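Below: the structure, in structure tokens.
In this text, all values refer to a predicted model and were calculated from it rather than measured experimentally.
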Amino acid sequence: QVQLVESGGGLVQAGGSLRLSCAASGRSFSIYNMAWFRQAPGKERDIVTTISRSGGTTYYADSVKGRFTISRDNAKSTVYLQMNSLKPEDTAVYYCAAGIAFKLGVNRDDYPYWGQGTQVTVSS
């Protein structure tokens, strides 16, 4: 098991940047694949990006590819989401998630452990 706490959300103008952090507690952060999901009001919670245990493999949703970057620092038990060129449609609650699988998953059910979420609002 692992506990996850997101931070770094806020209000930013379109074209701006934010960096989200997800701090994990527990002794074995490096065994988990990590992911960021987001959920806008009235919408499903959908994948944004995932990263493998060592950080060697990543996946990005088409909507964020080229703008967002996921990274992790296993020594600090932290995963990051650098968000650049933000658009109003990026407005959502962003959730950090952890899971164990042979391959990176893109579905909610692939990630049993979740943070509380952090709000990102992008104004036009």
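Listed for the R67 side chain is a donor-acceptor partner under 3.5 Å among the backbone atoms of S85. Checked by atom type and distance alone, the side chain of T118 pairs as donor or acceptor with a backbone atom of G9 at under 3.5 Å. Side chain of E6 to main chain of Q116: a donor-acceptor pair is present (N/O by atom type, distance under 3.5 Å, no hydrogens or angles). Between the side chain of N33 and the backbone N or O of A101 there is at least one donor-acceptor pair closer than 3.5 Å. Listed for the Y80 side chain is no donor-acceptor partner under 3.5 Å among the backbone atoms of T69. Not one N or O on the side chain of T50 forms a donor-acceptor pair closer than 3.5 Å with the backbone of T58. Judged by distance alone, with hydrogens and angles left aside, the side-chain atoms of Y32 form no donor-acceptor pair with the main-chain N or O of A97 at under 3.5 Å.
Heavy-atom minimum distance, I47 versus A35: CD1-CB, 4.1 Å. Nearest heavy atoms, V79 versus C96: CG1-SG, 3.7 Å. Of all heavy-atom pairs spanning N74 and S30, the tightest one is ND2-CB, 3.7 Å. Taking both residues in full, the closest heavy atoms of G99 and P112 are given as CA-CD, 3.7 Å, listed atom of the first, atom of the second, then distance.
Other residues, nucleotides and ligands contribute over 12 non-hydrogen atoms within 6.0 Å of the NZ atom of K65.
Between the OG1 atom of T121 and the CG atom of D90 there is a distance of 11.0 Å, given to the nearest 0.5 Å. The CG atom of L104 lies 10.5 Å from the OH atom of Y59; values are rounded to the nearest 0.5 Å. Going from atom CD of Q82 over to atom CG of L20 covers 9.0 Å, rounded to the nearest 0.5 Å. Rounding to the nearest 0.5 Å gives a distance of 6.5 Å between CD1 of I100 and CZ of R53. Once rounded to the nearest 0.5 Å, the distance linking OG of S124 with NZ of K87 reads 14.0 Å. Annotation: the span from M34 atom CE to S52 atom OG amounts to 12.0 Å, rounded to 0.5 Å.
Two different hydrophobic clusters hold Y111 and Y113 under the rule that ILVMFWY side chains link at heavy-atom gaps under 4.5 Å. Put simply, I31 and V2 are part of the same group of oily side chains (I, L, V, M, F, W, Y) that touch within less than 4.5 Å, one to the next. Residue L18 is grouped with residue L81 when hydrophobic side chains (ILVMFWY) are merged at heavy-atom distances under 4.5 angstrom, including chains of intermediate members. In the hydrophobic clustering of this structure, V93 groups with F37; members are Ile, Leu, Val, Met, Phe, Trp, Tyr whose side-chain heavy atoms approach within less than 4.5 Å, directly or through other members.
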Between Y95 and L4, does the side-chain contact (heavy atoms from CB on, under 4.5 Å) criterion hold? Intermediate values first, please. CA-CA 9 Å; Y95 296 90; L4 306 172; over 6 Å; no
Apply side-chain contact (heavy atoms from CB on, under 4.5 Å) to R45 and W114, showing your working. CA-CA 12 Å; R45 188 177 301 186; W114 293 83; 3.7 Å; yes
For M83 and V120, run side-chain contact (heavy atoms from CB on, under 4.5 Å): C-alpha distance rounded to whole Å, both residues' side-chain angles, the deciding distance at 0.1 Å, then the answer. CA-CA 10 Å; M83 304 185 293; V120 172; 3.8 Å; yes
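T91 is listed as a side-chain neighbour of Q119, based on a closest heavy-atom distance under 4.5 Å. At least one side-chain heavy atom of S63 sits under 4.5 Å from a side-chain heavy atom of R38. Taking 4.5 Å as the limit, every side-chain heavy atom of I51 sits out of range of all side-chain heavy atoms of W36.
Using cut-offs of 30° and 60° for the angle between ring planes, the Y94 and F68 rings count as tilted.
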